[in-house]
Amino acid sequence: MKTIVQGTAKGIILKSNNPINFLGAVDKKTGIIRDQSHDLYQKSVRDVVLVFPHGIGSSVGAYTIYSLKANNSAPRAMICQKADLTVASGCALANIPLVVVTKEEYDSLVNGNEITIDNDLIK
Amino acid sequence: MELTKDEEAALKGEQGETLELAYRILVATGEATNAERLIPIEWSHLSGVNYNTIGDAGEEFLSKLSQTARVKVKTTLNPMGFDIDSVSKFDLDEDFIEKQQSIRKSYERMGVTLSFSCIPYEIFDLPEKNTQVSFAETNAAIYANSIANLKTNKESAFSALASALTGKSPYSDLRKDQDTHNVTIQMKVDNPNELTYGMLGFFAGKVADNSVKISGVNELDKRSCKSLCAGMGTSGTCGKFILGDDNDQTEKIDFDEQEMQKIHDELNTTDKGDLITLGSPQLGLEEVSDLALMLQNKSFKKRCMVFCPRAVQQQARKLGHINNLEKAGCEIYSDCCTCLTPLIDKKDVDSVTTNSIKGAYYLKNSNGVEVNLKPLSEIVRDETK
């Protein structure tokens, strides 16, 4: 694993198999996924540890991540398989811990389990 | 990532809060893309201008930042939420207009050129080949790398802002003179139009990594090329395409009628629209003049919103094209765009006809309206008299 944005967080894993277009798919006020074709449709990213392959689409998605934090609707941390610039910069500005993990580590993360991210460790 | 002593000091906050923030973003994006260092860039193009997308949190962030922050390189700007010339005709509340003006003023204070355009590559002179730039708008980043011979990461709104404030960006793969594509998309659809190319882009964005090769396409007209760039930027992380043959060792994936139909079914939700929008990305001068020609002796049977940059509207007006478009019933809007527009509200509009895949994705998911996809030639054929 590689830490992109340092920090500590503890929470329940919300895991997706689909990449996320933050601008198009996430409501910045509530944190609810509004893209009907997404596997997290109608779920909220608020206070979870959000596990997803990577971000896609609009560069303005970084503001969506920052807005989620300002509106108290942000995930406590994010874990991706590949870090893209939108998610990395959004998390950096919003102080949301972000780590990138290998395929094996990603596959071992189970939806609904509790997880702790403590700087360079996942427990 | 290795930082110079000066960059290290800035990251620690020794050169003020603004630069600390900018370097924090550059380091995170550098680590994310495995860049070994930062390099100078000459031009930054920012997204994050439309109040509809960045909201109160974005407006407040920019207002505070702009009290002290100033850009270090040429910096241009994406569209905002409305055209001030026509905003009174829409049902936008005072608060929206006020917050949008605050965002405009924040960028102006920071020294940004208020271009309000998502096609900087068409309205500004391009720097010489291989110049390093930082373009946040995704269609512009892909266009810059693939067509305009410039080099940029597929920047985010914040990474481009950090580039503007420092004049630097991570030296990631897309900035290097190496070809890193891992997939070749074989274009197998006959008689493609700009909508086909938008779907090809959307498909390629889904399957490619940072860069992709496309075979079976020899040349692209401006409209098709912009459509491809915008479609690709919407669906993925891919920041560059190369047109070529399929004679290398990379994985080959066909884009055929069946794959195209899947994309069409994902984004096309109805067979007719209450109104038409053209311009996502905004139309350049060539497309405006082309449209005026197509609409000779015709007029739209329903509302048709046309989005182009202010600079293009001014030039096109002098050439008589805007007058011709207005005669054909088009409404011309500058400084804003189809994408994430607050001017189309599901309270008043159920469905929109467009030839833009990018427009369709955001109209459907963000504006929450039904979308009818058609190439421009069919829009003109079916919707005019």
Side-chain angles (χ1 to χ4, degrees), chain A residues 1-7 18-29 33-38 41 53-74 78 80-100, chain B residues 21 23-34 45-50 53-58 60-62 78 135-138 140-141 153-162 169-170 172 205-206 209-210 233-239 266-267 339-340 358 361-362 364-366 368:
Chain A
M1 67 173 276
K2 181 177 182 182
T3 300
I4 307 297
V5 179
Q6 295 270 343
N18 301 149
I20 299 179
N21 181 326
F22 276 87
L23 180 63
V26 187
D27 185 300
K28 62 182 179 286
K29 286 193 177 135
I33 308 278
R34 61 184 176 201
D35 179 351
Q36 291 175 23
S37 59
H38 202 274
Y41 178 52
H54 56 84
I56 51 167
S58 175
S59 58
V60 188
Y63 271 96
T64 308
I65 294 171
Y66 179 76
S67 297
L68 286 169
K69 181 76 172 195
N71 294 326
N72 295 315
S73 294
M78 297 193 202
C80 294
Q81 234 172 288
K82 180 175 93 175
D84 63 285
L85 273 70
T86 295
V87 172
S89 63
C91 287
L93 195 62
N95 278 315
I96 298 170
L98 170 66
V99 297
V100 175
Chain B
L21 178 106
Y23 277 98
R24 206 165 83 215
I25 292 166
L26 293 177
V27 168
T29 51
E31 291 295 341
T33 52
N34 298 312
H45 180 78
L46 306 181
S47 62
V49 189
N50 184 349
T53 61
I54 70 170
D56 290 332
E60 284 160 26
F61 165 74
L62 290 169
N78 244 13
F135 282 5
E137 164 57 36
T138 55
N153 298 321
K154 187 172 178 265
E155 304 289 350
S156 82
F158 292 148
S159 70
L161 181 60
S169 175
S172 316
K206 282 189 182 196
D209 195 4
N210 282 337
T234 305
S235 65
T237 55
C238 185
E266 181 182 336
L267 296 172
C339 184
L340 283 308
K358 178 180 186 177
Y361 177 88
Y362 290 105
K364 175 173 171 269
N365 288 308
S366 301

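In the text below, chain A, chain B and the rest are named by the order of the sequence lines, each starting its count at 1.
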For B:Ile25 and A:Ser89 the tightest heavy-atom approach is CG2-CB, 3.8 Å
Pair count under 4.5 Å, heavy atoms only, with chain A: among B:Ser235, B:Gly58, B:Pro170, B:Ala141, highest is B:Ser235
Applying a strict 4.5 Å limit to non-hydrogen atoms, the region of B:Glu60 in contact with chain A is neither
The reported gap from CD in B:Glu31 to CG in A:Leu98 (rounded to nearest 0.5 angstrom) is 11.0 Å
Separation between NZ (B:Lys154) and OG (A:Ser59), nearest 0.5 Å, reads 7.5 Å
Could you tell me whether A:Lys29 atom NZ has more than 12 heavy atoms of other residues or ligands within 6.0 Å of it? no
So, the part of A:Val100 with a heavy atom under 4.5 Å from chain B: the answer is neither
What one should report as the nearest heavy-atom pair of B:Glu266 and A:Ser37 is OE2-OG, 4.5 Å
Rounded to the nearest 0.5 angstrom, the CG-CG distance for A:Leu93 and B:Leu21 is 5.0 Å
Side-chain contact, heavy-atom cut-off 4.5 Å: B:Tyr361 with A:Asp35?
-> yes
The reported gap from CG in B:Asp209 to CG in A:Asp84 (rounded to nearest 0.5 angstrom) is 11.0 Å
Would B:Tyr362 and A:Asn21 count as a side chain to side chain donor-acceptor pair (under 3.5 Å) if you check the C-alpha gap in whole Å, the side-chain angles of each, and the deciding distance to 0.1 Å? CA-CA 10 Å; B:Tyr362 290 105; A:Asn21 181 326; 3.1 Å; yes
Interface check, chain B: of A:Ala70, A:Ser58, A:Cys80, most non-hydrogen pairs under 4.5 Å belong to A:Ser58
Scanning both residues in full, the closest heavy-atom pair of A:Thr86 with B:Ser156 reads CA-CB, 3.5 Å
Those residues at least two apart in sequence (or on a different chain) that pass side chain to side chain contact (heavy atoms under 4.5 Å, CB included) with B:Asn34 are A:Lys2
Non-hydrogen side-chain atoms of A:Tyr63 and B:Leu62 separated by less than 4.5 Å: yes
Distance col, row A:Leu23:CG vs B:Leu340:CG, nearest 0.5 angstrom, shows 4.5 Å
### Heavy-atom check, side chain of B:Ser366 versus side chain of A:Arg34, under 4.5 Å
yes
Most contact-rich option vs chain B, by heavy-atom pairs under 4.5 angstrom, among A:Ala92, A:Pro19, A:Gly55, is A:Ala92
In terms of heavy-atom pairs under 4.5 Å with chain A, the winner among B:Ile54, B:Asn78, B:Thr138 is B:Ile54
Assert top hit (heavy-atom pairs under 4.5 Å, partner chain B, pool A:Gln36, A:His54, A:Lys82) equals A:Lys82
Output for pair (B:Phe158 CZ, A:Leu85 CG), nearest 0.5 Å, gives 13.0 Å
